[in-house]
Amino acid sequence: MCVIRVAVGTALLGFGVASTSLVGMVAPSPTEAVAQRETVPAGCAEIPRISARWQADISQVASERRVRFDGRWVSLSPQGWRDAYNADVIRNSSWALWFQALVWVVPLALENAPLAVRTVVDQANAIPDPGTSASPATQVATGWTPGAIRNRLITVRCLYLMTRDDRLVAVARELGDALMDPKRYSGWPRSLPHNHGALTSLAMIRAAKTFARPQWTSVSLERLERDLPKVFSACGMAREQSSGYQALNVSLWSEVANLLDYKLSGPRYALRALARPDGVLEHIGDGLAPAVEPNGQRLWCPRAGWAANTLPGRTHYVLRFGPKASLHGHSDHGAVTWFVQDIPVLSDRGLYDKTVNDRLTYARGMAAHSVLEPLNVTINPATEAKRLDDNEYRLVDDTFGIRRERTIKIAPRGIAVTDIASSGNPEQEWVQHWQLAPGWTPTDGGARYSDGTRLEVTCRGGALSAVAVESYPGWRQIQPAWDLQCRATGSAVRLRTTLEVK
């Protein structure tokens, strides 16, 4: 039996992926690791690792009553808690989420448990629940978004298991009771099912046993039973437009399916079809993608916007299209990732982090994907696809007068693409991007891989050039890479490009 290597680490969530697939954390020393195993309860060991990932500095909590989190010092006075969120921080919702999740009090408890408990109680007193009628910005700033509430509940539960301090019971119960509010649940009937809903329900079920709140369990099970049949499309893909979030949803909802005795084979099949023969899940859309055991099968999801297949010679591809980019999707309609004979040729650039800046704009935009981009025009197309042959597709979208039609045929060692596009603007510039995986170096007429493998690229109808870019293999990790570009100008263009691995 094939086993999907996706860890079900829902005790704490990291940026849209199962917690055990977090990349780029600061690893504890062997001594620290032993101490954590001996002191941190089962299911809570991920919290100190997330704290380390955000470079939490707790050295001055006792002496100066302040903590540093991702480079920012915050005073732990009542006013300091309230002042922690300026305009710059709101631009980084992940900072707000994890700082207010209090992940750093668990490492603090390993050194000074009474101080850790006092810190949690002080935070609860300083920033009460503003209620669901408060603006989204206020809920982010105060740490009372559903995600922050859930993750703080997880932290408080772990701290309670470490200390058995009764002052934490009231804090935890207030958090859990807040999550009982239907307005704070991401799922039916107020919205389509979402991974946040599953995460909340699973956290509530665990916390219910700890804090003697059986109603948390009953309500959470009702929510999960109502949502589960609606999470995945008929082809097995979640609607979150991301390979990493597909892995997360399969992990989460597999745990739910086990609780509810529900069969969930289609989503696992779809996830495994996305995996390359070497087990790598390309970082398509937001999120980090864990290793997955591939099944070598075809995936065809014309409504959700995914196609994938494994060809002879350990060749694999993923093709993106479908509804407008939303949730965790990128402007990647028409993009293909391509893996040939154990060599990644075309890849996705991933995501550096979620801070609102130029890197985020780049990573989510057309320029970071193997698509035909109309320069200086902002569109969010819905792209329809038709499968012409086993590995040949036609993609079409028409948005605000920008029409693109891409025909793509994928073979074991080659790709042939024809792009026909029009805009009505005779000065319109077009760029056909080909995102080379890290390890490739441009040459005249193509590129060379680090092992000497050659890629020949021909571009008819435009001029070929190479541009150095960044690739993001993990959280705040950067690798140099190259974007081969075929450029043309005109109100109507036709570009035919072939790529062949030699």
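Just so it is clear, the model here is predicted, and its values are computed rather than measured. Reckoned from all heavy atoms, side chains included, excluding hydrogens, waters and symmetry mates.
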Worksheet item: With sequence neighbours left out, what residues match T378 under side-chain hydrogen bond (donor to acceptor under 3.5 Å, both in side chains)?
Response: none

Taking atom [atom1] of [X] as the centre, report whether more than 12 heavy atoms of other residues, nucleotides or ligands fall under 6.0 Å from it.
{"X": "Y262", "atom1": "OH", "result": "yes"}
{"X": "K209", "atom1": "NZ", "result": "no"}
{"X": "Q479", "atom1": "CD", "result": "yes"}

Discussion item. For V120 versus L159, what's the shortest heavy-atom pair and its separation?
Written reply: CG2-CD2, 3.7 Å

Fill in: Closest non-hydrogen atom pair between N249 and A238, with its separation
ND2-CB, 3.9 Å

Determine whether a donor-acceptor pair (N or O, by modelled atom type, separation under 3.5 Å) exists between the side chain of [X] and the backbone of [Y].
{"X": "H333", "Y": "P381", "answer": "yes"}
{"X": "T337", "Y": "D348", "answer": "no"}
{"X": "R239", "Y": "P193", "answer": "yes"}
{"X": "Q241", "Y": "K324", "answer": "yes"}
{"X": "N357", "Y": "L360", "answer": "yes"}
{"X": "R173", "Y": "F211", "answer": "yes"}
{"X": "T200", "Y": "H196", "answer": "yes"}
{"X": "S220", "Y": "I205", "answer": "no"}
{"X": "T163", "Y": "A113", "answer": "no"}
{"X": "R320", "Y": "G305", "answer": "yes"}

Fill in: Partner residues of S191 under the side chain to side chain contact (heavy atoms under 4.5 Å, CB included) criterion, sequence neighbours left out
none

Discussion item. Once side chain to side chain contact (heavy atoms under 4.5 Å, CB included) is applied, do any residues pair with D353, and if so which ones, sequence neighbours excluded?
Written reply: T355, W475, R476

Item to complete: Validate the cation-pi geometry between R152 and W144: distance from NZ or CZ to the six-membered ring centre under 6.0 Å, angle to the ring axis within 45°.
Response: yes

Side-chain heavy-atom pair [X], [Y] within 4.5 angstrom cut-off:
{"X": "T399", "Y": "N380", "value": "no"}
{"X": "Q139", "Y": "T145", "value": "yes"}
{"X": "M237", "Y": "Q246", "value": "yes"}
{"X": "P107", "Y": "I58", "value": "yes"}

Item to complete: Begin from the C-alpha positions of L274 and V292 and carry the test side chain to side chain contact (heavy atoms under 4.5 Å, CB included) through to its verdict.
Response: CA-CA 9 Å; L274 291 177; V292 172; over 6 Å; no

Practice prompt. Apply side chain to side chain donor-acceptor pair (under 3.5 Å) to the pair S254 and R268, showing each step before the final yes or no.
Written response: CA-CA 9 Å; S254 290; R268 297 189 183 100; 3.2 Å; yes

Practice prompt. Would you check, one step at a time, whether the test side chain to side chain donor-acceptor pair (under 3.5 Å) holds for R223 with S201?
Written response: CA-CA 8 Å; R223 289 170 168 176; S201 296; 5.3 Å; no

Practice prompt. For residues 350-381, pull every pair meeting ring pair (Phe, Tyr, Trp, His ring centres under 6.0 Å), keeping only residues two or more places apart or in separate chains.
Written response: H330-H369, Y352-Y472

Fill in: Residue pairs passing the ring pair (Phe, Tyr, Trp, His ring centres under 6.0 Å) test where at least one lies in residues 164-191, sequence neighbours excluded
none

Worksheet entry | Distance (rounded to the nearest 0.5 Å) between Q428 CD and S423 OG | 4.5 Å

Discussion item. Within the 3.5 Å criterion, strictly below it, is a donor on W216 or D177 matched to an acceptor on the partner's side chain?
Written reply: yes

Discussion item. If you apply the rule salt bridge (Lys or Arg N to Asp or Glu O under 4.0 Å), what do you find for R349 with D483, and how did you get there?
Written reply: CA-CA 10 Å; R349 293 302 172 220; D483 174 11; over 6 Å; no

Item to complete: Quick one: do W104 and D57 satisfy side chain to side chain donor-acceptor pair (under 3.5 Å)? Show the steps, please.
Response: CA-CA 8 Å; W104 43 277; D57 183 348; over 6 Å; no

Fill in: R404: salt bridge (charged side-chain N to carboxylate O under 4.0 Å, His left out) partners, not counting sequence neighbours
D397

Practice prompt. Report the residue from R167, R65, R82 that forms a salt bridge (Lys or Arg N to Asp or Glu O under 4.0 Å) with D122.
Written response: R65

Worksheet item: side chain to side chain contact (heavy atoms under 4.5 Å, CB included) between Q55 and R68: does it pass, once the steps are laid out?
Response: CA-CA 8 Å; Q55 300 178 353; R68 186 170 67 180; over 6 Å; no

